[in-house]
Amino acid sequence: MTGSDAWSGRAPRTVAEAVAVQDELRSLVDLVGPGPTAPATVAGLDVAYAESGDRLAAAVTVLDAATLAVVDEAVSVGRPAFPYVPGLFAFRELPALRDALDRLTVRPDLLVCDGHGLAHPRRFGLACHLGVVTGLPAIGVGKTPLVGEWEEPGLRRGAWTPLRDGGAEVGRVVRTRDGVKPVFVSVGHRISLDNAVDRVLALTPRYRLPETTRTADQLCRAALAATPA
DNA sequence: GCGACAG
DNA sequence: ATCTTGTCGC
């Protein structure tokens with residue numbers, strides 16, 4: 001087995017174990033990038049839960065970066081792998097997301113994750129974790145903040161302000177649509193923050209959230225509904 | 001001690 | 001995340 005599989009496949013069962021895994025994998029994050037400026041394909045990942053909370057569906061959709069048309073997709077239905085704990089969110093969805101990623105027929109050039117990357121208390125959010133275990137460039141796009149302070153960005157699409165935590169810029173608060181609530185963009189793996197923001201803007205020609213996230217969201221919801229308990 | 005807290 | 005009704009606007 002490869003060195004990476006040795007611990008990335010480890011499933012922590014306690015908060016202490018999960019934090020230890022993050023502290024160990026954090027050093028593997030590539031913060032240099034700069035990542036693809038013109039990726040051919042971009043993948044979106046999302047997970048939907050049954051109201052009972054004991055079942056979930058993870059989906060990955062791969063879009064042609066130029067046309068934003070879906071060129072491949074995969075889903076995985078299963079159980080949450082960990083309880084929801086802020087800061088340890090990745091352990092909950094990672095197994096199912098990796099399973100879905102393994103079912104793709106094409107390897108995307110970039111991952112757009114539904115959650116934060118470096119904008120995390122230990123600088124290792126879901127986007128970093130997914131980037132490290134797949135080796136792919138990854139971006140984190142959160143709908144609400146987890147850490148940091150920021151000023152409200154301008155009202156026009158494209159406006160942004162730095163998201164700072166502990167003195168460092170851990171991400172950016174980006175207005176993807178005129179007058180609409182901004183999203184929180186942060187680096188996951190193998191990409192620069194500048195490029196990450198550009199990539200997110202390229203994926204939001206019409207809605208607040210990236211097309212990748214939207215298509216993945218629709219797919220996992222449909223998969224969950226089509227798979228009765 | 002109290003509040004905050006990705007999805 | 002999910003539950004929720006109507007409502008304002010393009």
Side-chain angles (χ1 to χ4, degrees), chain A residues 12 15 18-19 21-22 25-26 29 44-61 75-100 111-132 138-150 155 157 163-166 170-174 176-189 193 196 200 204-210 212-225 227-229:
Chain A
V15 165
V19 170
V21 171
Q22 294 185 324
L25 299 183
R26 185 175 48 211
V29 175
L45 305 86
D46 192 26
V47 174
Y49 295 82
E51 24 188 323
S52 52
D54 59 357
R55 220 160 52 84
L56 59 71
V60 182
T61 51
V75 298
S76 177
V77 176
R79 304 261 169 204
F82 204 80
Y84 172 65
V85 180
L88 299 178
F89 172 60
F91 296 98
R92 187 170 174 70
E93 307 188 335
L94 207 58
L97 286 172
R98 292 188 70 179
D99 194 48
L111 301 180
V112 176
C113 311
D114 192 28
H116 303 286
L118 292 181
H120 173 279
R122 284 173 296 283
R123 304 291 179 268
F124 197 72
L126 174 65
C128 298
H129 207 141
L130 273 168
V132 167
I139 297 173
V141 180
K143 296 182 286 294
T144 60
L146 173 60
V147 297
E149 309 88 49
W150 69 94
L155 296 178
R157 160 178 159 80
L163 172 62
R164 299 194 183 79
D165 187 46
V170 297
R172 284 178 187 163
V173 183
V174 183
T176 54
R177 303 301 306 164
D178 289 358
V180 169
K181 186 206 287 192
V183 296
F184 298 76
V185 178
S186 59
V187 167
H189 185 56
L193 184 53
V200 169
T204 50
R206 186 162 161 73
Y207 299 101
R208 176 194 177 218
L209 298 179
T212 38
T213 300
R214 292 169 46 75
T215 52
D217 176 78
Q218 292 169 5
L219 181 57
C220 60
R221 289 197 194 204
L224 193 63
T227 311

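Residue numbers start from 1 in every chain, and the chains themselves are labelled A, B, ... in the order their sequence lines are given, proteins ahead of strands. Just so we're clear, the structure is a prediction, and the values are computed from it rather than from any experiment.
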Over all strands shown, is A:Pro121 touching base, sugar-phosphate only, or nothing at heavy-atom distances under 4.0 angstrom? nothing

Does atom CZ of A:Arg55 have more than 12 heavy-atom neighbours from other groups under 6.0 Å away? yes

Would you mind classifying the nucleic acid contact of A:Leu88 as base, sugar-phosphate or nothing, using non-hydrogen atoms under 4.0 angstrom? base

Ring of A:Phe184 versus six-membered ring of B:dA6: centres under 5.5 Å and planes under 30°? no

Gap between atoms CG and C1', on A:Asp114 and B:dA6 respectively (whole Å): 8 Å

Using 30° and 60° as the class boundaries, would you call the ring planes of A:Phe184 and A:Trp150 parallel, tilted or perpendicular? perpendicular

Taking protein heavy atoms under 4.0 Å as touching, what does nucleotides 3-10 of chain C look like 5' to 3' if B marks base contact, S marks sugar-phosphate-only contact and - marks none? S-------

Checking all strands, does A:Gly125 fall into the base, sugar-phosphate, or nothing category for heavy-atom contacts under 4.0 angstrom? base

Would you kindly give the CG-to-P distance between A:Leu130 and B:dG7, to the nearest whole Å? 14 Å

Report yes if at least one side-chain N or O of A:Thr144 is closer than 4.0 Å to OP1 or OP2 of B:dC5; otherwise report no. no

Interatomic distance, A:Thr213 atom OG1 to A:Arg208 atom CZ [nearest 0.5 angstrom]: 10.5 Å

For A:Gly140, which contact category applies under a 4.0 Å heavy-atom criterion: base, sugar-phosphate, or nothing? nothing

Look at the side-chain N and O atoms of A:Tyr84 and state whether any lies under 4.0 Å from the OP1 or OP2 oxygen of B:dA6. yes

I need the OH-P distance between A:Tyr49 and B:dA6, as an integer number of Å. 12 Å

Any side-chain N or O of A:Lys143 less than 4.0 Å from the OP1 or OP2 oxygen of B:dG7? yes

note: A:Phe91, atom CZ; B:dG7, atom P; distance rounded to Å ~ 17 Å

So what does A:Ala50 hit on the nucleic acid, given a heavy-atom distance under 4.0 Å: a base, only sugar-phosphate, or nothing? nothing

Mind calculating the distance between CG (A:Leu209) and C1' (B:dG7) to the nearest angstrom? 13 Å

